[in-house]
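Some notes on the structure that comes next.
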2 protein chains.
Amino acid sequence: MGRPSAREQVLDAYEDLLIEKGLAAVTLDAVAARADVSKGGLLYHFKSKDALLDGLIERLLDRTSQDTEHARAAPEGMVRYLLGTSVTDADMAKPAHRTSVATLRLIGSEPKADEALAASFRMWTDLAREYVDDPLTAELLGLISDGLYLRATLMGGDLRSPVLDDLPEVLRRLGITDSRVTGDPDDGPAGAGAGGP
Amino acid sequence: MGRPSAREQVLDAYEDLLIEKGLAAVTLDAVAARADVSKGGLLYHFKSKDALLDGLIERLLDRTSQDTEHARAAPEGMVRYLLGTSVTDADMAKPAHRTSVATLRLIGSEPKADEALAASFRMWTDLAREYVDDPLTAELLGLISDGLYLRATLMGGDLRSPVLDDLPEVLRRLGITDSRVTGDPDDGPAGAGAGGP
DNA sequence: GTTTCTTGACCGTCCAGCCGGTACAGTTTG
DNA sequence: CAAACTGTACCGGCTGGACGGTCAAGAAAC
């Protein structure tokens, strides 16, 4: 952290290419060109293509755990934060989301990526379980979230889901009313006040 | 073209390799070897690697539409059929499921596959919408199903979800009681199969 | 001066697609 | 009948290009 190093640029370029052109287009030359470094420069920071993947995975795990922490404090509520991100953030401004979608492109080609994604999803499910007492509800939440992510990958930008438009109703269906989760001012100044930890 | 012998074998081998070894391991030589034909033989039936992909996609669309028809008549109910397949059929005995999972491995590498998968998922969502009046419920059903598929791909065989164990409760949460959908003998507003908390 | 970082030419491997074959089952011609 | 011909199905060696990775040589930072 600290310097906008070439290393980060390379990782960004790697993500960009994965998202925009797909795995097939990701060659060391292409990543290097996108990152405005030479191939040799790239290989100085990542000793192999596999090491590049490791870098992405590390970033994914890192950013996901940060993101789950962020969700805890989200004024709109944990669930809204969770479900909203994959749909709202179609242009992928949020780094964590971008990294997730990029890694999703590696499904089936890189076992390591599969594993990391599973771990990443598990972090969210664990968080959900922490907030929602009923395990089944938490599971459903996780599945819906995963489904949204999958669709975000398949459909690209134009993902429109009724789930967004009617989130309060979704929450009600799942049996979630806790304002800590929904972010609604259910009873009293729940989270919006932000009066400190 | 009368006897679809070698051609089908090649397509089967293609699926096998995608599922077991991933995209990286799929070369024309490997597919040919697996299918017990020579590379030349393979290329006789599929003029290029891309044509092989087209064959898989055609098969996916074909089998999916057959499968949705099958779901209509499923004695266990449409929803149970939909949600159950991805989890229960871990060994992928069902051809349609096998083809779906194989195609899932191409996400992010082959835009055509992305498109086909989206179309395939849409068939299921459309079916759900047909059975379930409320669009939101249908959407949630679709998302949960997609989520299960994604996890099936990520986790491989050992997919363990509470959703399976408590399907009646899931349906109840989503507001589905129609016996045509659940497969249960229609129960009144009171009755529920499982005793919830 | 040493360490950190960057470069681009170069090399070996791998693989998609090409192509010149083989086998064999009809079909036509004499 | 058989010889000659035709079309279908399949085989496997070859090659040209792409791609991952190496390296000797600097440039920049310290």
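Proteins come first, then strands; the chains are lettered A, B, ... in the order of their sequence lines, and each starts at number 1. A quick note: this is a predicted structure, and the numbers were derived from the prediction, not measured. Quick note: numbers below take in every heavy atom, side chains included, and nothing from hydrogens, waters or symmetry partners.
Checked options A/L53, A/I57, A/L23, A/L117; the residue passing with A/E110 is A/L53 (criterion: side-chain contact (heavy atoms from CB on, under 4.5 Å)).
Shown for residues 39-57 of chain A: residues whose heavy atoms fall under 4.0 angstrom of DNA chain D, namely A/K39, A/L43, A/S48, A/K49. Applying a 4.0 Å cut-off to non-hydrogen atoms, the residues of residues 10-37 of chain B that approach DNA chain C are B/V26, B/T27, B/L28, listed by residue number.
For the pair A/D16 and A/K21, the salt-bridge criterion is not met [side-chain N within less than 4.0 Å of a carboxylate O]. Salt-bridge check for A/R98 with A/D12: failed, with every basic side-chain N at 4.0 Å or more from each acidic carboxylate O.
Within the structure, ring pair (Phe, Tyr, Trp, His ring centres under 6.0 Å) contacts touching residues 49-80 of chain A (residues at least two apart or in different chains) are A/H70-A/Y81.
Between the side chains of A/T99 and A/R59, no donor N or O sits under 3.5 Å from an acceptor N or O.
The shortest non-hydrogen separation linking A/D29 to A/K39 is OD1-CE, 3.0 Å.
Side-chain atoms of A/D114 come within 3.5 Å of backbone N or O of A/G108 as a donor-acceptor pair.
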